Amino acid sequence: MNKDISSELVDQVSAAKSTLQPLNIVGGGSKEFLGRVSEGQPLHMREHCGIVDYSPSELVMTARAGTPLVDLIDLLDQHHQMLAFEPPLYNGQATLGGTLATNSSGPSRPWRGAVRDSVLGIRLINGEGQHLRFGGVVMKNVAGYDLSRFQAGAMGSLGVITEVSFKVLPKPATEKTLTFELSQADAIQKLTQWQKQPKPISAAVWVDGVLSIRLSGAQRAVDGTSRQWGGELMDEKEATLFWESIREQTHRFFHDSRPLWRFSVKSSLAATGDDAMVDWGGAIRWVRREASLPNMVQQAIPMEGQVSLYRNGDREAEVFAPLPTPMKQLHQQIKRAMDPYGIFNPGRLYSWL
Amino acid sequence: MKDASDITLTKPQILVELGRVLPTNCIIEDEETLRPYECDGLSVYCEMPLVVVIPETVQQLQAVVRLCHQHAIPLVARGAGTGLCAGAMPHAQGVVVSLARFNRIIDIDEDARTARVQPGVRNLAISEAVGEFGLYYAPDPSSQIACTIGGNVAENSGGVHCLKYGLTVHNVLAFDMLTAEGDLVTIGHQGLDGAGFDLLALLIGSEGMLGIVTEITVKLLPRPEVAQVVMAAFDDVEKAANAVADIIGAGIIPGGLEMMDSHAIRAAEEYCHAGYPIDAEALLLCEIDGTLEEVQEHILRVENLFRQLGAIAVRTSNNEEERMLLWKGRKSAFPAVGRISPDYYCMDGTIPRSQLSNVLKRMNEMSEQYGLRVANVFHAGDGNLHPLILFDANVPGELEKTEEFGGKILELCVEVGGCITGEHGVGVEKLRQMHAQFNDEELSQFHRIKEAFDPKGILNPGKGIPVLKRCQEYRSIEAAK
Ligand SMILES: Cc1cc2nc3c(=O)[nH]c(=O)nc-3n(C[C@H](O)[C@H](O)[C@H](O)COP(=O)(O)OP(=O)(O)OC[C@H]3O[C@@H](n4cnc5c(N)ncnc54)[C@H](O)[C@@H]3O)c2cc1C
């Protein structure tokens, strides 16, 4: 599908501006579980879709925000290229715009970057109903403030992302997954040592007493490293399914109705309890626990990390780590600079934003 | 939008106020000692500041910021002054704050692969300090011996290895910053992402206009096992340009992929005898790094590709010495070009790789039209051009002609889908070209962002984003031509 409804979107935003009607921006609706509940009239992005430009030798693609990621991946596959950030596809529902707004990136994130690291430029409708273009389609661009990457994780609170240009990567020639039965503490120690070496790691997860490491790259590099590190070689099909279950959060670890907490920490942080799951080579610790955000925030302090309530739990309360006063003020001022009438996804990120 | 022009204090009054918060050895006010601060690396733009301060602690710096905020005094941060867009050029009624004394590496966390450093630490000093752990800091601007990490953050600097390892924005985890009001805030943290807006993304590359960075946590990478560089010479610029796209299209991401044209080749060869073939029209340097096995595999493919694409000579470094020598020519290309012309002006546009040969050709046409030579030495892998326009400032009118030519090159970059600056920033220099890349609504959005951080407009005023009225004037001048 290929359709440009940007002028209708601009009209809808302008109408919302004049009536001060809050808008709830909806892509594929696949990430409704994320952030706080947000009321507002739905602004549907799904129809604004299609790949606008793709030149494989530039390693750059531009697509409308409502395009499902699976459409992008289908085309990239034909050219043996891929999205660097390995995003969750959520049954094919995840769209490009929503993926950027939530900065939703998969297991390869520590090595190949997040969505924000791939983004080169965007088009966006601000709170004045102006359709603007920031960044571009080239690898380096420092003209003006970087309002493109800045959308990552803002949960649509700064404007309606209508188009995204991003860089893509060639697919690695080979992939292998090694597994090691280890305690969490031992796994973190190994990960810390191995990540100091220039080896082709592209994912590393510890769950249920097993450390799984994916190697990607030139055939000989992957073979060489896997010989050196040992472990069990995971069957190729099984490995694909395993990494998919991590990326899509369908792994049995996630089959749980308790609140799911996401600790973003430095990768070498000591073990956090055997009921946790370790992703991103140590930089993410997933914890399932009945607890309140303030309580978990206390726990994050000695970890020098940040915690958020990722899934389940009370989504009318705050779900992201609280910000110190000057930061909170900056957020409010920036929000006003882009969305002066407060119409975009109010309260989705913080109750006060 | 205020331009901090409603300044109420006189120089003696400012000095008295500064004297309350700083020891006297941190204040420079006499003309002779102020002189070196009048410009950055782009010396065609000069301005004498009222005062330069060189604080020693964050508390002192904070007091200076608060003072400037209170009295609406323009404040320009300065790292090493190697910037190439007049970003650190002083304000005539303002204070320059030099971060030269913030030169400590505070902490190296080998296990987390991070380093906490002060903003005045030189880029290269980080890699030197962490080398013993087999780690390094990836972004490597050609000015890395001199430029500071604070300046790199302000400009989102890149370098030869950014094609594979990213720019400053991809390699900084967190920093502390003084806001325009003088509040100390921490942006980012030890983890890979955090709560709230991605302020790192917005602030990196904001040219000292949104805050003053006081401490930075950078990401470190394990040093690749091996790196080898392939030099390929071509008798035709177009062939070389196409080879760049073909390498990338073949699924290889080189550590660096640089190009030099015949002016640059000859100048560099004469300067440091790297063994470049001086009769070549274009030269590519393609570095492959990674594990031993990977490098072997890719080097073979790259050599073959270059031959197939018509390279007249292909040479691969066999050891570190040879690799360093091949790079030496590239790294010293700017000073080398400096020897073949009384002056040169370095431009910095980025274009899609597929436009390389087209843009190089059109640039040559313009070069003839303006009667000014252009040498090209640039980051071809990411389409980041650095045309060096050769001129003589002593010939009346030649600088003006050079600036006009340079402006045209940047506009050409925008026309083919690129941008007016890849890594050097807008500063004062490219204010005029901003209107080629952005319309008034986009520029006003930038101004509103600036106001959100700095309502009084004291931080590096007059840089980065043009005043809209100016743009309209420029446009009508263009239209009238
Ligand atoms: C020969 C040569 C080669 C170069 N090669 C490259 C290259 O390959 N890639 C590249 O990207 N650049 C290159 N540059 C440009 C320049 O070196 C970079 O822009 C560098 O990052 C500037 O650092 P600096 O410390 O000299 O900053 P300065 O020139 O002192 O300042 C640059 C800007 O940063 C601001 N600033 C400085 N410190 C702070 C701080 N602590 N907080 C907030 N703002 C601050 C200043 O106000 C100014 O706007 C080159 C320059 C030269 C002269």
Side-chain angles (χ1 to χ4, degrees), chain A residues 55-59 80 103 109-110 113-114 116-117 126 130 132-134 136-146 149-150 152-154 170 192 195-200 217-218 220-221 224-225 264-268 280 283 304-306 308 320-321 323 326-327 330-331 333-334 336-337, chain B residues 111-113 134 155-156 158 166-167 170 179 183 185 189-198 201-202 205-206 222-225 245 248-249 251 290-291 293-294 297-298 350-354 382-384 417-423 425-426 434 437-438 441-442 445-446 448-449 451-452 465:
Chain A
S55 28
S57 76
E58 295 289 335
L59 297 176
H80 211 68
N103 197 25
R109 184 321 167 199
R116 65 89 100 160
D117 297 306
N126 68 6
Q130 298 166 331
L132 310 173
R133 190 186 289 277
F134 299 109
V137 295
V138 290
M139 295 296 150
K140 292 160 104 176
N141 186 346
V142 291
Y145 301 123
D146 188 345
R149 292 190 183 98
F150 188 51
T192 301
Q195 289 186 85
K196 278 188 248 178
Q197 300 174 18
K199 297 296 185 187
R220 295 174 57 194
T225 308
S264 171
V265 295
K266 68 174 175 187
S267 61
S268 55
W280 287 9
E304 291 179 83
Q306 280 190 355
S308 62
F320 291 105
L323 299 176
M327 282 290 273
L330 272 181
H331 274 66
Q333 280 152 221
I334 296 166
R336 267 198 295 280
Chain B
D111 284 345
R113 287 157 288 120
E155 301 290 5
N156 190 17
L167 309 162
H170 301 111
T179 65
D183 290 328
V185 292
H189 69 124
Q190 300 283 317
L192 293 174
D193 55 23
F197 295 151
D198 189 347
L202 178 63
S206 64
R223 207 165 260 298
E225 284 174 9
I248 308 278
T291 61
E293 303 91 344
E294 187 177 10
E297 193 173 314
H298 283 171
T350 308
I351 56 170
R353 279 182 285 262
S354 58
D382 24 42
N384 187 191
C419 68
I420 60 168
T421 172
E423 56 182 18
V426 175
M434 281 293 277
Q437 199 174 322
F438 299 101
E441 288 181 346
E442 288 152 356
Q445 182 65 76
F446 289 146
R448 287 200 298 277
I449 292 288
E451 280 165 49
I465 318 292

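Just so it is clear, the structure is predicted and the values come from calculations on it, not from any experiment. Side chains are part of it too, since the values below use all heavy atoms of this structure and drop only hydrogens, waters and symmetry mates. Note on naming: letters A, B, ... go to the chains in the order of the sequence lines (proteins, then strands), and numbering restarts at 1 for each one.
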(message) Angle between ring planes, A/His331 versus B/Phe197, binned at 30° and 60°: parallel, tilted or perpendicular?
(response) parallel
(request) Specify whether B/Phe446 and A/Phe134 have parallel, tilted or perpendicular ring planes, treating 30° as the upper limit for parallel and 60° as the lower limit for perpendicular. (result) tilted
Top of [options] for chain A proximity - count of heavy-atom pairs under 4.5 angstrom:
options	value
B/Cys419, B/Ser206, B/Gly249, B/Gly422	B/Gly422
B/Arg353, B/Gln437, B/Glu297, B/Glu294	B/Arg353
B/Leu167, B/Thr291, B/Thr421	B/Thr421
B/Pro352, B/Pro224, B/Gly134	B/Pro352
B/Gly158, B/Ser354, B/Gly290	B/Ser354
B/Gly418, B/Gly194, B/Gly417	B/Gly194

So [Y] and [X], do their side chains get closer than 4.5 Å, heavy atoms only?
X	Y	answer
B/His189	A/Ser264	yes
A/Met139	B/Asn384	no
B/Pro222	A/Gln197	no
B/Ile449	A/Ile334	yes
B/Asp193	A/Arg116	no
B/Glu451	A/Arg336	no
B/Ile248	A/Glu58	no

Taking side chain as everything from C-beta outward and backbone as N, CA, C, O, which of these in [X] sits under 4.5 Å from a heavy atom of chain A? Side chain, backbone, both or neither.
X	value
B/Gln445	side chain
B/Asp111	both
B/Leu192	both
B/Leu202	both

(request) Check the pair A/Ser267, B/Arg113 against side-chain hydrogen bond (donor to acceptor under 3.5 Å, both in side chains), reporting the backbone distance first and the verdict last. (result) CA-CA 9 Å; A/Ser267 61; B/Arg113 287 157 288 120; 3.1 Å; yes
Portion of [X] that has a non-hydrogen atom of chain B nearer than 4.5 angstrom:
X	value
A/Leu59	both
A/Ala143	both
A/Leu330	side chain

Among the options [options], pick out the one with the most heavy-atom pairs lying under 4.5 Å from chain B.
options	value
A/Arg149, A/Lys196, A/Arg109	A/Lys196
A/Lys199, A/Gln130, A/Gln333	A/Gln130
A/Gly224, A/Gly144, A/Ala283	A/Gly144
A/Met327, A/Gln306, A/Lys266	A/Gln306
A/Asp117, A/Thr225, A/Thr192	A/Asp117

Heavy atoms only: give me the nearest [X]-[Y] pair and the separation to one decimal.
X	Y	answer
A/Lys140	B/Thr350	O-OG1, 3.1 Å
A/Asn126	B/Arg448	ND2-NH2, 3.5 Å
B/Ala452	A/Ala337	CB-CB, 4.2 Å

